[in-house]
Amino acid sequence: MLALYSAAVALVTGATSAWLSYYFGSRKELFAWQREQALRWDGSRREAYSAYAAAVKREVRIHVKMAASKHPELWPGHEVLDISTGWPLLVTAEDERAALLESILLLADGPTVAAAREWQQKVWELRRLHNDTSITAESVRQALAGTSDARDRFYACARADLGILAPLPSPAPLPHQREVTSSAEVEPGLSDHAPSA
């Protein structure tokens, strides 16, 4: 009877050991697979966020150059685009940005999608800078400040979605802004959207 009992204990111990080995091995493989998938999607999201942000930035820079043709006092000495030259460039940039938004809608989390849509809307509203003849330099400043704020919200959401916990640093004043402004504070909306020479 003792031999039968010993055999039963050995059988149960062996079966339990095999089951535990299988269970923990499969869990380990599952976690490894999930980690690999997360890394793959993080890379895809990072690429989508970067491409979308670059496309929006190109579009904003066209708006700025077109606005600078009406208000050269905002960006003295910088490149400008008149409406007839800038408008076709703007249409192309809008098409590119709209196409890249699809990747954001597919890959991003909810807050990042909302921030991308808000940034897109603020950029779309910049069109009025070129269509409305009563737009003042202050209106341009305010419109660009709203666009910059929306961009910062997009970056904050995208960085959080990618697991980047450090806050986005504030931009430094550009050289022409250091001369124009008396304090070290940058005028909202102008620092990140000044056209390059």
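Values below: every heavy atom of this structure, side chains too, minus hydrogens, waters and symmetry copies. Owing to the predicted nature of the structure, the values given are computational and were not obtained by experimental measurement. Sequence positions, counted from 1, serve as the residue numbers for this chain.
- Atoms CD and OG1, from E59 and T147 in turn, are 9.5 Å apart once rounded to the nearest 0.5 Å.
- Looking only at distances, no side-chain donor or acceptor of K70 sits under 3.5 Å from a matching main-chain atom of T133.
- H71 contributes a side-chain N or O that, together with a main-chain N or O of I135, makes up a donor-acceptor pair within less than 3.5 Å.
- Using modelled atom types and a 3.5 Å distance limit, the side chains of T136 and S139 yield a donor-acceptor pair.
- No side-chain heavy atom of E118 sits less than 4.5 Å from a side-chain heavy atom of F154.
- Cluster annotation: I62 is connected to V91 through the hydrophobic network of ILVMFWY side chains, with a link wherever side-chain heavy atoms come within less than 4.5 Å.
- I104 has its side chain out of reach of L100: every pair of non-hydrogen atoms, C-beta onward, lies at least 4.5 Å apart.
- A donor-acceptor pair shorter than 3.5 Å can be found between the side chains of T112 and D109.
- The stretch residues 81-101 participates, sequence neighbours left out, in no ring-ring contact (aromatic ring centres under 6.0 Å, His included) pair at all.
- T92 places none of its side-chain heavy atoms less than 4.5 Å from the side chain of L89.
- Between R127 and E94 there is a salt bridge, since at least one side-chain N of the basic residue sits less than 4.0 Å from a carboxylate O of the acidic one.
- At least one side-chain heavy atom of I83 sits less than 4.5 Å from a side-chain heavy atom of M66.
- The structure places CG of L101 at 4.5 Å from CD of Q120, a figure rounded to the nearest 0.5 Å.
- Looking only at distances, no side-chain donor or acceptor of S69 sits under 3.5 Å from a matching main-chain atom of V80.
- The ring-ring contact (aromatic ring centres under 6.0 Å, His included) search around H130 returns H63, not counting sequence neighbours.
- Cluster annotation: W124 is not connected to V64 through the hydrophobic network of ILVMFWY side chains, with a link wherever side-chain heavy atoms come within less than 4.5 Å.
- Looking at R97 and R58, their side chains never come closer than 4.5 Å, going by heavy atoms from C-beta outward.
- With rounding to the nearest 0.5 angstrom, the CG atom of N131 is 11.5 Å from the CG atom of L126.
- Between Y49 and Y155, a ring centre-to-centre spacing not shorter than 6.0 Å is recorded.
- Between L129 and A143, the shortest heavy-atom distance links the atoms CD2-CB, 4.1 Å.
- With rounding to the nearest 0.5 angstrom, the CG atom of D42 is 9.5 Å from the CD1 atom of I164.
- Put simply, L74 and L81 are part of two different groups of oily side chains (I, L, V, M, F, W, Y) that touch within less than 4.5 Å, one to the next.
- In this structure, the side-chain contact (heavy atoms from CB on, under 4.5 Å) partners of E125, at least two apart in sequence or on a different chain, are Q121, K122.
- Among E102, R45, R46, the one residue that satisfies the side-chain contact (heavy atoms from CB on, under 4.5 Å) test with L107 is R45.
- Geometrically, R117 does not engage W119 in a cation-pi contact, judged by NZ or CZ lying under 6.0 Å from the ring centre and within 45° of the ring axis.
- In this structure, C157 SG and D161 CG are separated by 9.0 Å, a value rounded to the nearest 0.5 Å.
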